[in-house]
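Below is one structure, written out as structure tokens, with a few remarks after it.
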There are 2 protein chains.
Amino acid sequence: MAEPTPAVTRQSLAAAALRVLERDGLAGLSMRKVAAEVGVRAASLYWHVRNKEELLDLLNDALIADAEIPPREGSWREQFLEYGRRHRALLLARRDAAKVVAGRLAPGPHTLAVLEDQLDRLRAAGFGDADAAMASYLLSAYVQGFVLQEQSPLSAAEAAGASRGEAARAAGETFRTLPGDTYPNLVALADDLTDPDMNTRFEFGLQRLADGLAALLPQGGTASGGPS
Amino acid sequence: MAEPTPAVTRQSLAAAALRVLERDGLAGLSMRKVAAEVGVRAASLYWHVRNKEELLDLLNDALIADAEIPPREGSWREQFLEYGRRHRALLLARRDAAKVVAGRLAPGPHTLAVLEDQLDRLRAAGFGDADAAMASYLLSAYVQGFVLQEQSPLSAAEAAGASRGEAARAAGETFRTLPGDTYPNLVALADDLTDPDMNTRFEFGLQRLADGLAALLPQGGTASGGPS
DNA sequence: AGCAGCCCCTAACATCGTTAGGGGCCGGTC
DNA sequence: GACCGGCCCCTAACGATGTTAGGGGCTGCT
């Protein structure tokens, strides 16, 4: 597998870190493993990188790297939605991607490109400068927060075999058997709270965001509940 | 300080962990330090707690414990906004609280109480069961995502002395000096993107959420852009 | 007296991020 | 040809981490 790598670059480091991340998760990503992945011993990494933090910054941008920007067609609303969906898909695609990205603003080149494109579309849609900036911030905050919650274990029945649907059913049971006099709403909404269909859950929030933003435009964009 | 603690309970563990978190941050929170805080050696913790993970679950609920639920007055919208503001304030109040809470769904008793109250108000406002559940999920996802981004270092000028405003100005300079032909929007919106006023940034998103949710109600709640 | 549970201990394990210091190799300069 | 400085990697080690194994008191019940 690992041929005598001709040169270790920051790029190859990022690629190696990405492979380790996929294999062992964020908790299992160590300097030594990344070093081994590029055919080198741990201490040598510090020639290319100041910290593990800096390595994670590299990894962060490498994750954003394969973000596909949505086609420039349809209403601004449809483009906005697509942006949100693809961002979520990106975070879900690679193991622990959300945890890596969370709390890591340091923008690499790929991140900058995505942000630039996003702002361009928002301004073209008629949003003011401040609103456009805040809207893009809002979207990324929502997506990151959502995926982070989505991927967190529902309780203690986490990595231990339990599938997502199974864990959801267990959580539902937990809610349903709560004391009904102190937690009437939790009991009543047990099914809704533990609905494992994360796609529609995400879509719900996304539509609310789009609606809220649409109200900012002079003509007030098309309403949300349209057919089809 | 540390008197010969009569008994180590899960409660006292949570309190100790909270103290260590405030002093040394999440990265500096180790089993040994928490143990020392309760007057015990590290291995003894494993009698009360299975994992460090479980300790963090305890800590998580201890953080939520001092959440003050907003007064039950005003429109549902005002109550919704207050909920968001207080949740953010809570996460900002304690060091690294957002990082602890992020990706930790396991609901302790305090978390359940807050959720119960939130759902009660949303249903009283007229939201359907599924919508109420999703709305509360939406709010917490936004708040967590926002605070997480808010607290992440703006670039490499992080813990190194630079104040928030100073870091923001540096980041603005970074954006402003980007190649203007490939990043015209980033250059143009440099000031808006790096505006250090996080309160209005947060409020913006919160208002958008409220607007989006209001559109779901039959009478369509009062519009956002009111005077005052 | 003895047994059982509770609660804490000392040691130790493997692994981690990081630093110190050394050594080849490669280009250019006297 | 000799020297030299930058580049890139090495071995060794430091302190700290989460976690487990095994032991030992103490309390209360039989």
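Note on naming: letters A, B, ... go to the chains in the order of the sequence lines (proteins, then strands), and numbering restarts at 1 for each one.
- Looking at A:Asp195 and A:Arg201, no side-chain N of the basic residue comes within less than 4.0 Å of a carboxylate O on the acidic one, giving no salt bridge.
- In this structure, B:Trp47 places its CH2 atom 17 Å from P of D:dG24, rounding to the nearest Å.
- In the model, B:Asn199 has no side-chain atom that pairs as donor or acceptor with a side-chain atom of B:Arg85 under 3.5 Å.
- A ring-centre distance under 6.0 Å is found for B:Tyr137 and A:Phe146.
- The only member of B:Leu178, B:Thr182, B:Val187, B:Asn185 that meets side-chain contact (heavy atoms from CB on, under 4.5 Å) when paired with A:Glu116 is B:Asn185.
- With sequence neighbours excluded, the residues that form a side chain to side chain donor-acceptor pair (under 3.5 Å) with A:Asp117 are A:Arg72, A:Tyr83, A:Arg121.
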Generate the contact string for nucleotides 9-21 of chain C. Rules: B means base contact, S means sugar-phosphate contact only, - means no protein heavy atom under 4.0 Å. BB-B---BBBB--
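- Counted within 6.0 Å of CD on A:Gln11, heavy atoms from surrounding residues, nucleotides or ligands total 12 or fewer; the atom is thus considered open.
- A close approach under 4.0 Å does not occur between any side-chain nitrogen or oxygen of A:His48 and OP1 or OP2 of D:dC7.
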I would like to know whether B:His87 and B:Gln118 meet side chain to side chain contact (heavy atoms under 4.5 Å, CB included); could you show each step before the answer? CA-CA 12 Å; B:His87 192 183; B:Gln118 233 177 43; 5.8 Å; no
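- More than 12 non-hydrogen atoms from other residues, nucleotides or ligands lie less than 6.0 angstrom from CZ of A:Arg23.
- The overall bend of the helix from C:dA1-D:dT30 to C:dC30-D:dG1, read as the angle between its terminal helix axes built from five base pairs each, is 30° when rounded to 10 degrees.
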